[in-house]
J.: 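The structure under discussion is supplied below as structure tokens; questions concerning it will follow.
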Amino acid sequence: MTSFYKKNTRTRWGMKVAPLLLALSSAMYSAPDHAAAPPGDDTSQTEFAYVGTRASQIRALRLDVATGKVTVIGSVEQRMKPTWVSADPSLPVLYAVDEERDQDGSVTAYAVDRATGALTRINSVASGGSGTTYLSFDAASKTLLAANYGSGSVSSISVKADGSLGALVSTMKETGSGPNVHRQASAHAHCAVVDPSGGFALVPDLGADRVFVYGFDRATHALSPDAATNPRAFVAPPGSGPRHLAFGANGRFVYLDTELSAELMVLKWNASQGQLTLVQSLPISSEGFKGPKSGAEIAVSRDGRFVYVEDRGENAVAVYRIDRESGKVSLIQRIAAGGENPWGFGIDRSGKWMLVDNEKSGDVHVLGIDTKTGRLSDTGQSIEIPEPISVAFVK
């Protein structure tokens, strides 16, 4: 793997490669449907978007950052159930789960060909539980956190300097249940994020109605259990089903969405004690909505001024303005997701474009982001992709 990555790095810096050598090296990759960049394409202004799906494949797209135009590359992985994908922020490496609800899952690392978008498998590591449904990357410690929905556990996996996966370091098993007999019979970890201080990992658990708070050691990549006598876990309302969370830009506030009750909660974060305190809670659903409620993805803008929340129940995305001092939010916009049953979304590295995964209608819809006002606009672009779940961007 090391020799491959060195070759990939040299290519990145503009080394000229003979046509024959390029053709031979292309054979090493999982062949996409349309691998070559369009004539005249400026790759410095593009990003690769990798879409994790339930359809046993990873699909690759090329995003023009200047215009928002998306070009389809095609399927670049077809050997597992890669519902969740995540990217190394500095290396051309993609990580994907293999989500199997009834058996132990795994995490796989892929090298990204920056010329074609094709993937080469590097290695795989067990995820420490079943139904692996979420990955987050802590760049400061080179650690992946994996949330195992089926087994109600969270694991930490070390990542080597070249982007390949190291060892499965630790696994924390969760317990608990909620009043929803169909969805909350046991713990179901749905997300895992290291706090900005690096001392804790926060894990929203849909089944237990908790946000578990574990100790985390960036030097060893290890999670440590919560204190039994004085637990740090935040207790959410019964039946709410915490799903995903995101830290605000200053690290003082956490924004949590719930799947079952479709609420947005603002929580104050005490990094010295690892404690969360409720500041604000408001419904994601629009006033008067009578259908089944469901929250999905959540993200905070890079400048920390806005939070975006996916409303699966109404096939919409809601935009909120953040008050920097209080952390509280106010709704400024609701916009259609461009399809049915939005499951996830990704904001590209420029902060100008949002790709929304509409799982039921089988498409990824492109929304523009006004970085000054936070408001979203519909570009009219939809790309057909079967059962899309998540998006990760690689520059």
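The figures here come from the full heavy-atom set of this structure, side chains too, leaving out hydrogens, waters and symmetry mates. Note that this is a predicted model, so its numbers are computed, not measured.
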J.: Same cluster or not: are L144 and V125 linked, directly or through other Ile, Leu, Val, Met, Phe, Trp or Tyr residues, by side-chain heavy atoms under 4.5 angstrom apart?
T.: yes

J.: NZ/K328 to CG/L282 distance, rounded to the nearest 0.5 angstrom?
T.: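 Interatomic distance, K328 NZ to L282 CG, rounded to 0.5 Å: 11.0 Å.
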
J.: Ignoring hydrogens and geometry, is there a side-chain-to-backbone donor-acceptor pair from Y308 to G374 under 3.5 Å?
T.: yes

J.: Hey, could you give me the OH/OG distance between Y95 and S86, rounded to the nearest 0.5 Å?
T.: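 Separation between the atoms: 8.5 Å.
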
J.: Determine, step by step, whether T143 and H221 satisfy the side chain to side chain donor-acceptor pair (under 3.5 Å) criterion, reporting the C-alpha distance in whole Å, the side-chain angles of both residues, the deciding distance to 0.1 Å, and the verdict.
T.: CA-CA 6 Å; T143 306; H221 314 277; 2.7 Å; yes

J.: Working note: I383 + D363, criterion side-chain contact (heavy atoms from CB on, under 4.5 Å); need CA distance, chi angles, decisive distance, verdict.
T.: CA-CA 5 Å; I383 301 94; D363 62 83; over 6 Å; no

J.: Between M80 and T108, does a side-chain contact (heavy atoms from CB on, under 4.5 Å) hold up when you go through it step by step?
T.: CA-CA 10 Å; M80 57 183 192; T108 299; 4.0 Å; yes

J.: Quick one: does Q381's side chain have a donor or acceptor within less than 3.5 Å of a partner on G68's backbone?
T.: yes

J.: Report yes if the side chains of D311 and F289 come closer than 4.5 Å at any heavy-atom pair, otherwise no.
T.: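 No, every pair of side-chain atoms sits at 4.5 Å or beyond.
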
J.: Examine distances only and state if a side-chain atom of K173 and a backbone atom of S151 form a donor-acceptor pair shorter than 3.5 Å.
T.: yes

J.: Taking R349 first and then E47, would you say they form a salt bridge - that is, a charged N and a carboxylate O separated by under 4.0 Å?
T.: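 So R349 does not pair with E47 through a salt bridge.
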
J.: Is the shortest heavy-atom distance from the side chain of N270 to the side chain of T277 under 4.5 Å?
T.: no

J.: Side chains of V112 and Y50: closer than 4.5 Å at any heavy-atom pair?
T.: yes

J.: Let me check something: do L145 and Y134 share a hydrophobic cluster, defined by ILVMFWY side-chain heavy atoms less than 4.5 Å apart, either directly or through other members?
T.: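 L145 and Y134: separate clusters.
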
J.: Between D348 and W353 (side chain of the first, backbone of the second, donor and acceptor by atom type, cut-off under 3.5 Å), is there such a pair?
T.: yes

J.: Tell me, please, which residues at least two apart from Y149 pass ring-ring contact (aromatic ring centres under 6.0 Å, His included).
T.: H188, H190

J.: Is there a path of hydrophobic side-chain contacts, each under 4.5 Å between heavy atoms of I/L/V/M/F/W/Y residues, joining V356 to I347?
T.: yes

J.: Could you check whether any side-chain heavy atom of K395 comes within less than 4.5 Å of a side-chain heavy atom of F48, counting everything from C-beta outward?
T.: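 No, side chains not in contact.
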
J.: Ignoring hydrogens, what is the shortest heavy-atom contact between T46 and D64? Give both atom names and the distance.
T.: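 Shortest heavy-atom separation between T46 and D64 comes out as CG2-CA, 4.2 Å.
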
J.: Are V203 and V211 co-members of a hydrophobic cluster defined by side-chain heavy atoms under 4.5 Å apart?
T.: no

J.: Taking the side chain from W84 and the backbone from L135, do they hold a donor-acceptor pair closer than 3.5 Å?
T.: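 Indeed, once roles are kept as given, a pair shorter than 3.5 Å links the two residues.
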
J.: Does K352 NZ have over 12 foreign heavy atoms under 6.0 Å away?
T.: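 It does: K352 NZ has more than 12 such atoms within range.
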
J.: Consider only side-chain N and O atoms of S127 and T132, and report whether a donor and an acceptor are under 3.5 Å apart.
T.: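 Short answer, yes.
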
J.: Any luck finding a side-chain donor-acceptor pair between N148 and S153 under 3.5 Å?
T.: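 The answer is yes; a qualifying pair exists.
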
J.: Just checking, is any N or O donor in the side chain of H365 or D357 under 3.5 Å from an acceptor N or O on the other one?
T.: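 Per modelled atom types, H365 and D357 side chains form no pair under 3.5 Å.
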
J.: Please say whether more than 12 non-hydrogen atoms of neighbouring residues, nucleotides or ligands are located less than 6.0 Å from NZ in K293.
T.: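 No, because the 6.0 Å sphere around NZ of K293 holds 12 heavy atoms or fewer from other groups.
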
J.: I'd like to check I385 versus T53 (side-chain heavy atoms, cut-off strictly below 4.5 Å). Are they in contact?
T.: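 Of all side-chain heavy-atom pairs linking T53 with I385, at least one is under 4.5 Å.
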
J.: Mind checking whether F212 and Y214 have parallel, tilted or perpendicular rings, split at 30° and 60°?
T.: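 Judged by the thresholds at 30° and 60°, the geometry between F212 and Y214 is parallel.
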
J.: Which distance, rounded to the nearest 0.5 Å, do you find between the CD1 of I122 and the NZ of K160?
T.: 10.5 Å

J.: With the threshold set at 4.0 Å, does a side-chain nitrogen-carboxylate oxygen contact exist between K81 and D98?
T.: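 No, this pair does not count.
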
J.: Test your reading of the model: is there a side-chain donor-acceptor pair from T258 to the backbone of E263, 3.5 Å cut-off?
T.: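 Yes, the answer is positive, given that a donor and an acceptor are paired below the 3.5 Å cut-off.
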
J.: What's the spacing between S285 OG and E314 CD if we round to 0.5 Å?
T.: 5.0 Å

J.: May I have the step-by-step check of salt bridge (charged side-chain N to carboxylate O under 4.0 Å, His left out) for K360 and E387, ending in yes or no?
T.: CA-CA 6 Å; K360 188 174 182 179; E387 300 180 277; over 6 Å; no

J.: Inspect the contact between E77 and R79 and indicate whether a charged nitrogen and a carboxylate oxygen are less than 4.0 angstrom apart.
T.: yes

J.: When you look at S261 and S240, which way does the side chain to side chain donor-acceptor pair (under 3.5 Å) test go after all the steps?
T.: CA-CA 5 Å; S261 63; S240 58; 4.8 Å; no

J.: Show the numbers, then the answer: is there a side-chain contact (heavy atoms from CB on, under 4.5 Å) between F247 and V193?
T.: CA-CA 9 Å; F247 275 89; V193 178; 4.1 Å; yes

J.: May I ask you to establish whether R252 and W269 are in a cation-pi arrangement, using a distance under 6.0 Å from NZ or CZ to the six-membered ring centre and at most 45° from the ring axis?
T.: no

J.: From E325 CD over to F253 CZ, what is the distance, rounded to the nearest 0.5 angstrom?
T.: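 Answer rounded to 0.5 Å: 8.0 Å.
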
J.: Quick one: do the S90 and D88 side chains pair a donor with an acceptor below 3.5 Å?
T.: yes

J.: Under the 3.5 angstrom rule, does the side chain of D209 hit a backbone N or O of S177 as a donor-acceptor pair?
T.: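 No; judged by distance alone, with no hydrogens or angles, the pair does not exist.
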
J.: May I ask you to test the Q184-L260 pair for a side-chain heavy-atom distance under 4.5 Å?
T.: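 Yes, at least one pair of side-chain atoms sits under 4.5 Å.
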
J.: Donor-acceptor check, side chain of N123 to backbone of L165, threshold 3.5 angstrom: yes or no?
T.: yes

J.: Is the backbone N or O of V70 less than 3.5 Å from a side-chain atom of R62, with the two atoms forming a donor-acceptor pair by type?
T.: no

J.: A side-chain contact here means heavy atoms from C-beta on lying under 4.5 Å apart; do R324 and R305 qualify?
T.: yes

J.: Apply salt bridge (charged side-chain N to carboxylate O under 4.0 Å, His left out) to D226 and R232, showing your working.
T.: CA-CA 7 Å; D226 194 0; R232 296 182 292 257; 3.6 Å; yes

J.: Hydrophobic clustering (ILVMFWY, side-chain heavy atoms < 4.5 Å, transitive) - are I369 and F345 grouped together?
T.: yes

J.: V300 versus Y255: any side-chain heavy-atom pair under 4.5 Å?
T.: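 A side-chain contact under 4.5 Å exists here.
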
J.: Side chain of S158, backbone of A167: donor and acceptor closer than 3.5 Å?
T.: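 Side chain of S158 to backbone of A167: a pair is present.
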
J.: Are E340 and N358 close enough that a side-chain donor and a side-chain acceptor fall under 3.5 Å?
T.: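 Result is no, nothing qualifies.
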
J.: Find the distance between CG (D217) and OG (S224) and round it off to the nearest 0.5 Å.
T.: 8.0 Å

